[in-house]
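Starting from 1, each residue takes its place in the sequence as its number. Keep in mind the model is a prediction, meaning the values are calculated, not measured.
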Amino acid sequence: MPSACDPVIEDIEDMVSSTDPTPHERQSARKNIIPRPKKKKELLNDEELQADSVIPGMQKIWMKTWGCSHNNSDGEYMAGQLAASGYKMTDDPAEADLWLLNSCTVKNPAEDHFRNSIKKAQEQDKKVVVAGCVPQAQPRMDYLKSLSIIGVQQIDRVVEVVDEAVKGHSVRLLGQKKEGGRRLGGARLDLPKIRKNPLIEIISINTGCLNACTYCKTKHARGDLASYPIEELVKRVRQSFQEGVCEIWLTSEDTGAYGRDIGTDLPTLLWRLVEQIPDGAMLRLGMTNPPYILEHLGEMAKILNHPRVYAFLHVPVQSASDSVLMDMKREYCIDDFKRVVDFLKERVPGVTIATDIICGFPGETEEDFQETLELVKLYRFPSLFINQFYPRPGTPAAKMEQVPAQVKKQRTRELSQLFHSYNPYDHKVGEMQHVLVTEESFDAQYYVAHNKFYEQVLVPKKVEFKGKMIEVEIYEAGKHFMKGRPVEDSKPFNPSIAAPLQQGEVSGLIQSSAAKTRPCNSNKVCGPSSTPAFIHLQNLSLLSLRILSFCPPGFFLGIVRLLKHTSSHRNQK
């Protein structure tokens with residue numbers, strides 16, 4: 001029976017036969033077509049002088065990502081492709097040859113950090129490639145001149161851009177992906193990636209949105225709504241669990257709007273995804289704006305009650321004043337937001353509603369701000385993202401009459417004080433909870449877990465807990481977290497169907513159909529090995545082209561014959 005690699009060998013043999021001129025012979029032929037004859041020694045010297053001294057694919061790359069989980073997912077995909085292509089990803093910016101900076105355009109401070117990083121890289125003579133929403137929205141900014149740019153929908157071409165950047169060339173890819181005249185959600189979901197956390201898969205279900213908020217710069221970069229087909233998302237989720245993931249995050253600029261451009265909706269997608277989630281693993285929904293969730297409240301309540309879905313929803317309100325919401329062009333009133341929150345609180349007991357508020361939007365009066373304070377007092381949101389308004393260049397809000405800076409700061413402080421005046425978890429001390437352990441705390445003293453309501457629970461740092469569902473008793477509560485001690489006689493439950501990838505290991509590579517099973521952390525047989533049998537063909541081609549020019553004549557022909565002999569010998573067995 002022919003092996004899975006036979007078609008590849010056949011193709012290589014077709015391309016390189018014993019009668020074909022070698023790459024060295026082709027190069028020599030080109031060099032010989034000149035007016036004046038040269039001696040052989042002079043010809044070789046001339047070749048050496050003109051040869052490119054930089055070999056793409058051998059450099060070290062440091063990557064920095066700012067912003068939302070969508071941006072983080074893009075960063076993971078770019079890192080995976082670069083690693084699969086031969087580049088070495090490093091955590092040390094000083095030892096890197098090239099810095100890949102993946103930007104966020106939501107706030108001025110984030111762009112300031114991005115701009116300062118570019119300057120720092122240039123001062124250290126590092127090559128720079130920029131990506132994300134800032135260069136996509138404003139590619140002609142002075143500080144981006146001469147830099148290579150990867151557009152938000154072009155992350156699948158990161159290797160091409162980096163290849164040229166390490167050679168000193170500038171490349172800019174900012175186009176939109178389309179098929180049959182319809183805008184696509186972005187790059188393919190089956191690309192290689194390096195997960196920042198091997199236990200968590202971040203999946204973008206759509207890009208762009210249907211709103212036109214007057215303060216938002218992200219719309220300039222991500223554009224209108226474009227959703228991924230359900231089958232592609234189901235396939236990605238299934239693959240993620242086969243690679244040892246135990247938690248899925250769905251992300252986009254507005255998950256509630258998913259599918260409106262392709263004739264489906266968010267609940268339809270979620271019910272399909274839930275079918276793929278193994279017991280003990282969890283799904284977390286991303287941010288949704290109020291207008292597009294209102295018509296699905298009944299179904300959303302059912303989904304949030306599902307045992308394998310976190311009872312958590314991020315619904316930004318931004319302001320409790322209808323006049324401010326109108327100026328923002330948020331396309332809902334405060335009663336709409338309250339309807340969403342009240343309905344879910346009634347139908348999903350204990351549900352966590354996270355929200356965002358902007359302080360000091362242009363035209364916001366003291367009365368408007370007081371309405372926002374009253375909203376927070378009413379719901380006592382356990383998770384509240386407070387943002388001082390920053391006018392972003394090119395947005396309508398930047399041209400409006402601004403609230404004085406000192407007033408914006410004062411309102412931000414007042415809202416922050418209100419938020420810190422209550423402890424949302426005090427009443428949970430003494431509860432028994434099942435929590436999924438997925439990461440390490442910032443101080444490295446605990447493991448971080450989340451309960452059904454995506455509330456943060458710190459647990460003892462025992463290696464056997466990582467990636468497992470455990471039962472704990474809550475013994476302490478803080479403003480943003482609880483602490484839990486493992487319940488005696490309870491055993492960690494492993495939700496994974498396979499052992500997770502190692503930190504830095506590339507996901508999404510083509511797997512061998514004959515891959516053997518391997519043991520999970522719990523010493524049980526779980527599923528196919530994630531060790532790649534051979535590299536993604538696209539990346540194999542890139543590596544082959546790089547290697548080809550440095551190999552002696554007949555090298556690849558010898559490799560092909562050896563592989564063919566090995567394959568034939570294996571088939572005879």
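Counting only N and O atoms by type, the side chains of E253 and H70 include a donor and acceptor under 3.5 Å apart. Counting only N and O atoms by type, the side chains of T90 and D92 include no donor and acceptor under 3.5 Å apart. Looking at E95 and W62, their side chains never bring a donor and an acceptor atom within 3.5 Å of each other. Checking N211 against K219 by side-chain atom types alone, no donor-acceptor pair falls below 3.5 Å. Counting only N and O atoms by type, the side chains of S227 and N206 include no donor and acceptor under 3.5 Å apart. A donor atom on one side chain and an acceptor atom on the other are not found under 3.5 Å apart for Y77 and N72. A side-chain N or O of E414 and one of Q410 form a donor-acceptor pair less than 3.5 Å apart. For the residue pair N451 and Q433, a side-chain donor N or O sits within less than 3.5 Å of a side-chain acceptor on the partner.
Using a 4.0 Å cut-off between charged side-chain N and carboxylate O, D74 and R222 make a salt bridge. K217 has no carboxylate O lying under 4.0 Å from a charged side-chain N of E111, or vice versa, which leaves the two without a salt bridge. Between E201 and K193 there is a salt bridge, with a side-chain nitrogen of the basic residue lying less than 4.0 Å from a carboxylate oxygen of the acidic one. Between D279 and R308 there is a salt bridge, since at least one side-chain N of the basic residue sits less than 4.0 Å from a carboxylate O of the acidic one. In this structure, R188 does not pair ionically with E232, as no charged nitrogen and carboxylate oxygen lie closer than 4.0 Å. Between E374 and K338 there is no salt bridge, since no side-chain N of the basic residue sits under 4.0 Å from a carboxylate O of the acidic one. Ionic pairing of R115 and D112 is present here: one or more N-O contacts between side-chain nitrogen and carboxylate oxygen are shorter than 4.0 angstrom.
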Before you tell me yes or no, could you show the steps for Y379 and D342 under side-chain hydrogen bond (donor to acceptor under 3.5 Å, both in side chains), namely the whole-Å CA-CA distance, both residues' side-chain angles and the distance that decides it to 0.1 Å? CA-CA 9 Å; Y379 290 113; D342 292 343; 2.8 Å; yes

Any chance you could lay out the side-chain contact (heavy atoms from CB on, under 4.5 Å) test for E299 and D265, step after step, and finish with the verdict? CA-CA 11 Å; E299 284 300 295; D265 54 41; over 6 Å; no

Carefully, step by step, assess F465 and Y447 under the rule ring-ring contact (aromatic ring centres under 6.0 Å, His included). CA-CA 8 Å; F465 292 165; Y447 276 154; 7.7 Å; no

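For S73 (side chain) and S204 (main-chain N/O), no donor-acceptor pair under 3.5 Å exists by modelled atom type. Under a 3.5 Å cut-off, the side chain of T255 and the backbone N or O of M287 do form a donor-acceptor pair. Side chain of S85 to backbone of L82: no donor-acceptor contact under 3.5 angstrom is found. No donor-acceptor distance shorter than 3.5 angstrom exists from the side chain of E247 to the backbone of I200, with no hydrogens or angles considered. S383 contributes no side-chain N or O that, together with a main-chain N or O of A354, makes up a donor-acceptor pair within less than 3.5 Å.
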Under 3.5 Å, sequence neighbours excluded: what are the donor-acceptor pairs made by side chains of residues 477-485?
from	atom 1	to	atom 2	distance (Å)
K479	NZ	F419	O	2.3
K479	NZ	Y422	O	2.7
K483	NZ	Y446	OH	3.1

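For residues 280-291, the pairs satisfying side chain to side chain donor-acceptor pair (under 3.5 Å) are D254-N289, R284-Y454, N289-R330, with sequence neighbours left out.
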